[in-house]
Structure formats: structure tokens, C-alpha cells
Protein chains: 2
Amino acid sequence: MIDEHFTNMLEKEKEALAKRIAGEITLSSDPGKTMRKWREIFGISQTELAEYLGVSSSVISDYEGGRRKSPGASTIRKFVEALLEIDEKRGGNVIRAFSKTFGSELPTNAILDIREFALPITIKDLVDAVKGEVVANMHLLDRRIYGYTVVDSIKAILEMSSEEFLKLYGWTTERALIFTKVTTGRSPMIAVRVQGLKPAVVVLHGVKKLDELAVKLAERERVPLIVSKAESEVELITGLRKLVEKTEKEF
Amino acid sequence: MIDEHFTNMLEKEKEALAKRIAGEITLSSDPGKTMRKWREIFGISQTELAEYLGVSSSVISDYEGGRRKSPGASTIRKFVEALLEIDEKRGGNVIRAFSKTFGSELPTNAILDIREFALPITIKDLVDAVKGEVVANMHLLDRRIYGYTVVDSIKAILEMSSEEFLKLYGWTTERALIFTKVTTGRSPMIAVRVQGLKPAVVVLHGVKKLDELAVKLAERERVPLIVSKAESEVELITGLRKLVEKTEKEF
DNA sequence: TAAGCTTTTCGGCAATTGCCTAACTCGACC
DNA sequence: GGTCGAGTTAGGCAATTGCCGAAAAGCTTA
């Protein structure tokens, strides 16, 4: 009974997300661009999506590239449904990441800020926003990221269970994971390695003396590592939010 | 500054509603049917919408009738934007009715229940759901309605300002207005008449002795008047909610 | 650096959309 | 009963979509 209720709630969240994505694509002045944005948020390749839909991959590329100015409702529907079904088959991490039910389960005092960008940005953009310095994997700065999560590393380590850590990383691989109250950077990077999942980039704020091991772990995992020189958490978050607003204006 | 903030909030609600409507149309297995549903919720005629969009009215009829199985994104976008812009020109009552901002301004203890149906129902359906008896305008029972508002008439009269009454009626003309704790039905019908607006149907619950003036006022306003014989408010609301669920299943 | 995988670009074509016009139906009202 | 406004139906047609396949280009990784 309770399980059934919970399942119905998740189903509603999925429907709401489907509607949100479909609405956004349909109302967009560049539907193809928005289609790409959401496909990348889900971390699905054009090839995989094409196979799932039973079309050739050039079809997906043509849509996302804007060759078709006004995709039909059927096409958008199939596209959106495929994204959600593929995600569900993978465990439903992205659906959960965008649902309110999931959001309310996290210890909110460890999480200082969570935002999405209206448009994908590069890690280079992020570096500027956090007054950062790249300390590992500089060659990977062209990666796209779609959002960020700012975590108080002390609170997170003290209060979050292993499962919650997993959830934190499991959102998408296309987000920046930002730790504040960091001393050497060792603990966050160990946590990243132990969980075996990869955020698109890790930002450390508050570093007194960077531990060489942190750099090595980042290089091993091929995760760009950035040290933020922002004066305070407020300044860090303000810079990030300005970046969010900037992408909203450009969109 | 505060005005600006408030305007931005309304703009966001409008965007959210646009996305909701567009998403629903796009994901629907019968987009035309959903387009009609939303046009009727806004109380806009096909003719007016067609003129606004600069097309002939047969175009709207063809879409809503399902002649086009997969309307393009551009078409849906123009349709949705037109609905919202026309409503805004009329004062934005429907946009507000569907926004959270508006909802939180009403005295919630006077309003016992507010719901939408997933599909339009006729007044006949409503009569059954509330164990009702039609006392005026029986020939108008084929009208479509899209939702209902149940109001405690005593609390509403004691606590609601004239402006709030106006808001209550101003939602759409496609909803049922249901008064509970009614003795003769005179006061609710006078309120209906004084405000000069027309709900699709009025239901009176708890009538001891129906005032003939109530019937006359209903006839004059051409508003179907129904007296509910439900044993209690709970039974009344339960019947209505069952009807909501029924439409959700059929949709 | 080479191989393998992913994505892009473009020509082609059948099917469908977006819109028109004209004729018709229905309900309300004078 | 006649008029008017709202809505429906269907034929027609130019423009666009939905999809294919092939060639080229780009990216990642060992």
C-alpha cells in the first residue's frame, strides 16, 4: 500500500518532468537546441537515442542541429519519452534529480546551493565565476556542464550517509561538484574516488594548503580540479548565481 | 522595486503555465482534443482565436477536430501564446486562477475544495455527482464545465470582501460554483447577480426551503441552478472528487 | 598515432502539415 | 421565420517534416 503510494508519486514526478521538457522544447525559439540540451543532461548519446527510437543517428543530429524548424508533436513526444525510459532503465537518477520528492530527502543544511544553467557552459566559464585556479586536467576545460551543487564539505562528511553521497554524485555527470570549508582537498577527492563516480568537475573552496594527493586523485579520475580563491562562500555562490543569470539572458 | 518583484513573479507564473499547457498538448495522444480543452478553459471562441492568429477559423476547428495528427512546435507555440495574451488583455483572470501566487491570496477557510477535471464534463454529470435536482434552466445541462469551487456560503459572506468575491467568479465561466450551508439560496443568487458575472452552473447544498427569488434570478441570468440532496458536505465533496478521478481515468 | 566510436552534413523523397476557400449546420435572439 | 455568429467538413496545394543513406569530420582512448 505504502509502496504503491510511493510508486504513484514517482510516476507523477516523471510525468511532470516529461511535461516540463516537452513544454520547454515546444515553446523554444530553437527547439533543436533545447532537445540537445536535455539529451545531454540525461547523458545519452545521439547514437544510443537513435537506436532506442529505431531511427538513424543522423535524424537526431538533424533535429538538434535545427534542420527541422518545427518538429511535430509526435516527434517531440517520442523524443521525451525515450529520454525518460532510457534513464529509468539506468536506475532513474536524472528523473530523481529533477523531482521534488528526491530533493526533500537530502540533508538540506549540507547543501548550500543547487542550480541549473539555462544553457550549457564550459568549465572555463566556471573557473572565472569562482575566481578559480586549475590544478589538474587543464586540457579538459571544454567540457559542458549543466549545473552545480555547492556542498559544505564538513557538514556533508559528518552528516551524510554513504547512500546519500551516492545520490549526490548520481545526479548527472554533467554537473560541477563544489566543496566549501576545505583545508587540503584530500577528503573530498578520496570521497570522489571511493564512490567511483565522476562529476564533470570538482571545485574546492577554502583550501589552506593543497594536498598533492588530491591532485593525483583528480588526474587519475580525469576530473578537472579547481581551487577557488573567492573570499567567502557568499562570494563563491554569488559568482555562480551571476553565471546562472547570464545563461538565462543568453537563452 | 517591490512592484518589479511582483511583476517578475507573475511573469514566471505565466511562463510556467505556458510550459504546462504546451507540454500537455505535445505529450497528448490527441493533441487537438487538448488544444480544445485549454481554449475552452480560457473561454475564447475559435473565431476570436483565429482572428488573433490571423488565420481562418476553419484552421482552429481542423486542429481541434484532430485533422492534423501531429501539429508542429511552431503551431502549438503560437496557439498557447495567443491564449495567454488574449487572457492578459482581458485582465489575466485565468492565468491568475492557475497560478500559485493567486491561490495563496484567497481566504482558504471559506473555500472547501477546488478541483479541475481532466476532461470537460457536462452539467448532467455534475448533477449526478452531487445527488442534485435541477430547479432552473434544465435546457442548459449540456454545457461543458472544467472544474468546480466549493464555498462555505456563510464564511464566504462573512469574510470575503467584494473584491475577493469578484476574484472567485472571475476564474472562468466554465466552472461550477457550489455553495454549502445554504438555507434558502437567496443570498448566493443575489451575490451572483450583483457581481454581474456568470458561473457555468450554481449548486446549492443544505437548502431547507428554496426561495422562489433564487429560481427567478437563476433563470434571468441563464445559470442552471441545482439543489444538492447530499447528506453532508463530506458526501458532496466525495461525489465531486469521484467525478474528478473518473475524468482522470478516461483521459 | 591509429582505431573505433560519435556526430555532422546533405541530397533525396514520400507523407504530412499549415492554411485557404466554400458550403453547410446549429443555436440564440429579435 | 430570418439573421447572425460560432463551428464543422472537405477538397486543394505549396511548404515542410520525418526519415534514409553515404561521405566526411570530429573526438576519445589505448
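Order of the sequence lines sets the chain letters (A, B, ...), proteins ahead of strands, with each chain counted from 1. Please read these numbers as outputs of a predicted model, since none were measured by experiment.
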Study note, to complete from the structure: In whole angstroms, the gap separating C1' of D:dT8 from OH of B:Tyr63 amounts to 16 Å
Point to revise | Whole-Å gap separating C1' (D:dG26) and CG (A:Asp142) | key: 13 Å
Exercise for review: Identify, residue by residue, the members of residues 66-75 of chain B with a heavy atom below 4.0 Å from DNA chain D, and return them in order of residue number, or none.
Suggested key: B:Arg67, B:Arg68
Check your understanding: Side chains of A:Thr26 and B:Thr26: do they bring a donor and an acceptor to under 3.5 Å?
Key -> yes
Check your understanding: Are A:Thr247 and A:Glu245 close enough that some pair of their side-chain heavy atoms sits under 4.5 Å apart?
Key -> no
Review point. With a 4.5 Å heavy-atom cut-off, do A:Tyr52 and A:Glu81 have their side chains touching?
Key: no
Considering only nitrogen or oxygen atoms on both sides, find all protein atoms under 3.5 Å from nucleotides 3-7 of chain D and state each distance.
from: D:dG7; atom 1: OP2; to: B:Gln46; atom 2: N; distance (Å): 2.6
from: D:dG7; atom 1: OP2; to: B:Thr47; atom 2: N; distance (Å): 3.4

Practice item. Report yes if the side chains of B:Leu225 and B:Val134 come closer than 4.5 Å at any heavy-atom pair, otherwise no. Key: no
**Study point:** Salt bridge present between A:Arg175 and A:Glu40 (N-O < 4.0 angstrom)
**Key:** no
Practice item. Run the salt-bridge test on B:Asp62 and B:Arg68 with the 4.0 Å N-O cut-off and return the result as yes or no. Key: no
**Study point:** Ion pair check, B:Glu64 and B:Arg39, cut-off under 4.0 Å
**Key:** yes
Study note, to complete from the structure: When rounded to whole Å, the CD to P distance for the pair A:Glu64 and C:dT6 reads 14 Å
Exercise for review: Report the distance from atom CZ of B:Phe79 to atom P of C:dC19, rounded to the nearest whole Å.
Suggested key: 13 Å
Check your understanding: Taking atom P of D:dC19 as reference, at what distance in whole Å does atom CG of A:Leu49 sit?
Key -> 12 Å
Revision key, fill the gap. Here the distance between atom P of C:dC26 and atom CG of B:Leu140, to the nearest Å, is 19 Å
Point to revise | Whole angstrom value for the distance that separates C1' of C:dT7 from CG of A:Asp62 | key: 11 Å
Review point. What is the distance from CD1 of A:Ile60 to P of C:dT6, rounded to the nearest Å?
Key: 14 Å
Point to revise | Note, B:Tyr148 side chain near B:Val244 side chain (heavy atom, < 4.5 Å) | key: yes
Review point. Does A:Ser56 make a side-chain N or O approach to OP1 or OP2 of D:dC19 shorter than 4.0 Å?
Key: no
Exercise for review: Over all heavy atoms of both residues, which pair between B:Val201 and B:Pro224 is shortest? Give the atoms and the distance, please.
Suggested key: CG2-O, 3.4 Å
